[in-house]
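None of these values were measured; they are calculated from a predicted model.
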Amino acid sequence: MSIPFFSKLRSQKHYLQLVKPELKQVSEFVEAQSSCFDPEVADYMETVCQSKGKMLRPALVLLVAGATGGIKPAHIRLGALLEMVHLASLVHDDVIDEADKRRDEATANALWGNSLAVLLGDVLFSHAMVLGTEFGSTEFCRRLANTVRNVCQGEVAQSSRLYDLSMTREEYFEIIRKKTASLFSAATGGLAGFPE
């Protein structure tokens with residue numbers, strides 16, 4: 001499918017309608033990943049992988065693909081992979097924030113405790129990296145690994161600077177660049193050029 005780059009659609013909701021069937025495929029791909037884990041991990045992962053949100057990162061992958069030549073199966077996999085990285089970071093965020101709810105659902109740490117939640121986030125990060133190897137490109141894997149590293153470093157920087165009133169605007173922007181913007185960058189072109 002190819003999406004005209006310039007469209008008369010005006011709202012985010014309308015743009016997401018352009019890739020609704022493909023977003024469903026991404027969602028199904030993410031949910032199916034729980035079957036890839038050992039039995040003692042699979043049940044936990046099934047719960048974690050069903051806790052998707054607005055799926056903005058996969059939507060951006062699909063919209064950019066549609067605007068630049070068409071959505072291919074590799075774009076579905078890339079969207080799912082980035083969603084898993086995002087989910088892993090949310091699992092860690094919920095532990096750090098001591099959150100017991102996300103989108104009106106119990107968080108992993110509320111269900112199973114902080115230690116297990118952190119490990120589940122780690123397993124999901126590593127699984128996304130394994131899926132990245134299926135693209136068969138060392139360069140793609142390097143870019144993906146850098147993206148995951150940036151997300152994790154951003155989380156560490158944010159946690160270590162809580163309530164730090166001396167933080168400069170530039171330092172704050174660097175934290176959110178790593179923690180948040182790096183995934184949006186990956187979705188919109190930072191991982192571009194991956195093999196089909």
Closest non-hydrogen contact found for S34 with A42 is O-CB, 3.3 Å
Kindly write out the residues that satisfy side-chain contact (heavy atoms from CB on, under 4.5 Å) with L23, not counting sequence neighbours, or none if the list is empty. L16, V19, M55, P58, A59, L62
Using a 3.5 Å distance criterion without hydrogens, assess whether the side chain of T180 forms a donor-acceptor pair with backbone atoms of R177. no
Does any pair with a residue in residues 110-125 pass side chain to side chain donor-acceptor pair (under 3.5 Å), and if so which ones, sequence neighbours excluded? H92-D122
Only one of V123, V91, T107 passes side chain to side chain contact (heavy atoms under 4.5 Å, CB included) with V48; say which it is. V91
Will you find, in the side chains of H75 and E22, an N or O donor that is under 3.5 Å from an N or O acceptor? no
Which residues pass the side-chain hydrogen bond (donor to acceptor under 3.5 Å, both in side chains) test with S160, not counting sequence neighbours? none
If you count every heavy atom of other residues, nucleotides or ligands that lies below 6.0 Å from E40 atom CD, does the total exceed 12? yes
Flag side-chain contact, heavy atom, 4.5 Å: F135 against L78: yes
Do L111 and Y44 have side chains that get closer than 4.5 Å, going by heavy atoms? no
Set of residues satisfying side-chain hydrogen bond (donor to acceptor under 3.5 Å, both in side chains) with respect to S166, sequence neighbours excluded: D164
Evaluation steps, salt bridge (charged side-chain N to carboxylate O under 4.0 Å, His left out), between E171 and R161: CA-CA 10 Å; E171 290 169 330; R161 301 291 301 267; 3.1 Å; yes
Could you report the tightest heavy-atom contact between L87 and C49, atom names first, then the distance? CD1-CA, 4.3 Å
Identify the heavy atoms of G154 and I175 that sit nearest to each other, and give their distance. O-CG2, 3.7 Å
Tightest non-hydrogen contact, residues A65 and I71, listed as CB-CG1, 4.0 Å
Indicate whether the side chain of N146 and that of R149 have a donor and an acceptor atom separated by less than 3.5 Å. yes
Can a donor-acceptor pair be found, under 3.5 Å and without considering hydrogens, that links the side chain of T188 to the backbone of F184? yes
Partners meeting side-chain hydrogen bond (donor to acceptor under 3.5 Å, both in side chains) with D97 (sequence neighbours left out): none
Student check: side-chain heavy atoms of S89 and F125 closer than 4.5 Å: yes
Between I96 and Q158, is there a side-chain heavy-atom distance shorter than 4.5 Å? no
Take V30 and M84 through the test side-chain contact (heavy atoms from CB on, under 4.5 Å) and record every step on the way to the result. CA-CA 7 Å; V30 171; M84 284 183 271; 4.2 Å; yes
Identify whether NZ of Lys or CZ of Arg in R77 sits under 6.0 Å from the centre of the six-membered ring of F29 and within 45° of that ring's axis. no
According to salt bridge (Lys or Arg N to Asp or Glu O under 4.0 Å), does anything in residues 101-110 pair up with another residue at least two apart or in another chain? List the pairs. D94-R102
